[in-house]
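Structure first, commentary second.
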Amino acid sequence: MTEMNYYSLNKQAPNTSFKDAVIKGLAPDKGLYFPENITPLPQSFWDDIDNLSYSEMAYEAIKQFVSPEIPEYVLKTIVEETLSFDFPVIKLNDNISTLELFHGPTMAFKDVGARFMARCLGYFNKDNTNEVTVLVATSGDTGGAVANGFLGVKGVNVVILYPSGKVSDIQEMQLTTLGQNIKALEVNGTFDDCQAMVKTAFLDEELISKMQLTSANSINVARWLPQLFYFMFAYKQLHKAHNNIVFSVPSGNFGNICAGMMAQQLGLPISHFVASNNENNVVTRYLMSKLYEPKPSVQTISNAMDVGAPSNFIRIQEIYKNKFDTLKGNLSSYSFTDEETREAMLEIYNKYNYVADPHGAVGYLGCKAYLKENPKAHCVFLETAHPTKFLEVVEDVIKKEQPLPKQIQSVMGREKESVIISTYEDLKGFLLK
Ligand SMILES: *Cc1c(COP(=O)(O)O)cnc(C)c1O
């Protein structure tokens, strides 16, 4: 197999290999990396899908993006270890299902990308004496998933920035209590401030001359691409019963939905995507007005989607060759208030006896809005996190105490360790110390 190259979407940096793209995170010209080719899987793959395991499907799908730098037998193990939990689709009614992505160790979909990336980086680093520092900003779930995925990985230090007081208690425990090679920085500011500091660090010549920094946000190809797996898993579970499958993806940085679009590029027969937003709705507005106008983020109850300027939208533009009409033909977007989200959580509970978290509930609302115009579709909303990660809101809305799963119990009561910072200089000082 020929080597897959990645190019920078800013087009001012040389093409690079998968390995370098993973280690660098962002290209030197600040662009996101994008694969040079996307070769659809053969029809025989899709015809045979009922006979393939999830690991086999995932391996076939991801192989072209990482070969030959990770040998086949290593990649097979990485994929199997990454996917060591369930991805069930739960049917709510004839037109709506939910794909539960919260059965991993931190109970958020980000476990998949974080586990895959940690194993890739661990492989690349196995004979290397230079330490890599993974620097990551989190609006809530990334931090925990990355901390868990990278815990104990040799030669890798993890530094997580999170907005003080703006993540849930359980999320905070997941990212501040692990110790070892994981450090949490509590930022006086918003998620956008955290993300800006991380971006500044990647461009800081002095800093990057002294340490190898990489990112584990969905800008990193090894975090982003494996997220295409579970769109295929949902299809496998539904394709016999439904032929008009639409995914509604609760979106923040748009990495998850963009990975779904990559699955579609590989030939996955999906009819349409719905980007479901809270009031941080730059894409909803873009599809209406053709004007892309990022705004500072506002805080909502679906905090992992409180993103004012989604970093992966540029990859979506690339997939559709910057053609607005092609994009619009494949993507709808709706945005919902916190009040609508709460009502939806209650409706899902009362009608279907199902407990959704606020992000999933936004996805459910996206399905309902889309189905109004397209009543024949079968819409799958992604349940991106377990409801108990947002315990306060969930119990307040449905008025019923929620049992805590073992993954959550295991972090409760552990001691929090974090360092409070306010400025980029604080961050730099911490990193160079
Ligand atoms: C990260 C996250 C999202 C948003 O995903 P993107 O890939 O950033 O669009 C949605 N829901 C939850 C629970 C998340 O943690």
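Owing to the predicted nature of the structure, the values given are computational and were not obtained by experimental measurement.
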* With a 4.5 Å heavy-atom cut-off, do Q174 and N148 have their side chains touching? -> no
* Asked: Would D48 and N51 count as having a side-chain donor-acceptor pair, cut-off 3.5 Å?
  -> yes
Does [X] reach the main-chain N or O of [Y] with its side chain, forming a donor-acceptor pair under 3.5 Å?
| X | Y | answer |
| --- | --- | --- |
| D338 | I301 | yes |
| Q64 | T39 | yes |
| K236 | I49 | yes |
| Q264 | I270 | yes |
| D86 | P88 | no |
| N217 | V136 | no |
| E69 | F18 | yes |
| E279 | T300 | no |
| S333 | A275 | yes |

Quick one: list whatever passes ring-ring contact (aromatic ring centres under 6.0 Å, His included) with [X], sequence neighbours left out.
| X | result |
| --- | --- |
| Y6 | none |
| F45 | none |
| F109 | none |
| Y364 | F381 |

* Set of salt bridge (charged side-chain N to carboxylate O under 4.0 Å, His left out) partners for K240, sequence neighbours left out ->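 Testing K240 for salt bridge (charged side-chain N to carboxylate O under 4.0 Å, His left out), a comparison that skips the adjacent residues, returns D50.
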* Say you draw a straight line from CG of L427 to CG of L432; how long is it, rounded to the nearest 0.5 Å? ->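 The distance works out to 9.0 Å.
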* **CG-CG distance between N312 and N253, expressed to the nearest 0.5 angstrom** =>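 One finds 6.0 Å between CG of N312 and CG of N253.
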* **Residues K368, E347; criterion salt bridge (charged side-chain N to carboxylate O under 4.0 Å, His left out); working and verdict** => CA-CA 12 Å; K368 284 199 19 177; E347 175 175 313; 2.7 Å; yes
* What residue among S251, S302, S335 forms side-chain hydrogen bond (donor to acceptor under 3.5 Å, both in side chains) with N278? ->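 Testing each of S251, S302, S335 against N278, the sole residue satisfying side-chain hydrogen bond (donor to acceptor under 3.5 Å, both in side chains) is S302.
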* Hey, can you tell me if Y286 and Y292 have their rings parallel, tilted or perpendicular (30° and 60° cut-offs)? => perpendicular
* Asked: Which residue pairs pass the disulfide bond (SG atoms under 2.5 Å apart) test with at least one member in residues 359-394, sequence neighbours excluded?
  -> C367-C379
* So with a 6.0 Å cut-off around CD of E415, is the heavy-atom count from everything else above 12? -> no
* Any ion pair linking R115 and E81 (charged N to carboxylate O, less than 4.0 Å)? ->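 Salt bridge: no.
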* Asked: ring-ring contact (aromatic ring centres under 6.0 Å, His included) between Y354 and Y349: does it pass, once the steps are laid out?
  -> CA-CA 5 Å; Y354 187 83; Y349 184 61; 9.7 Å; no
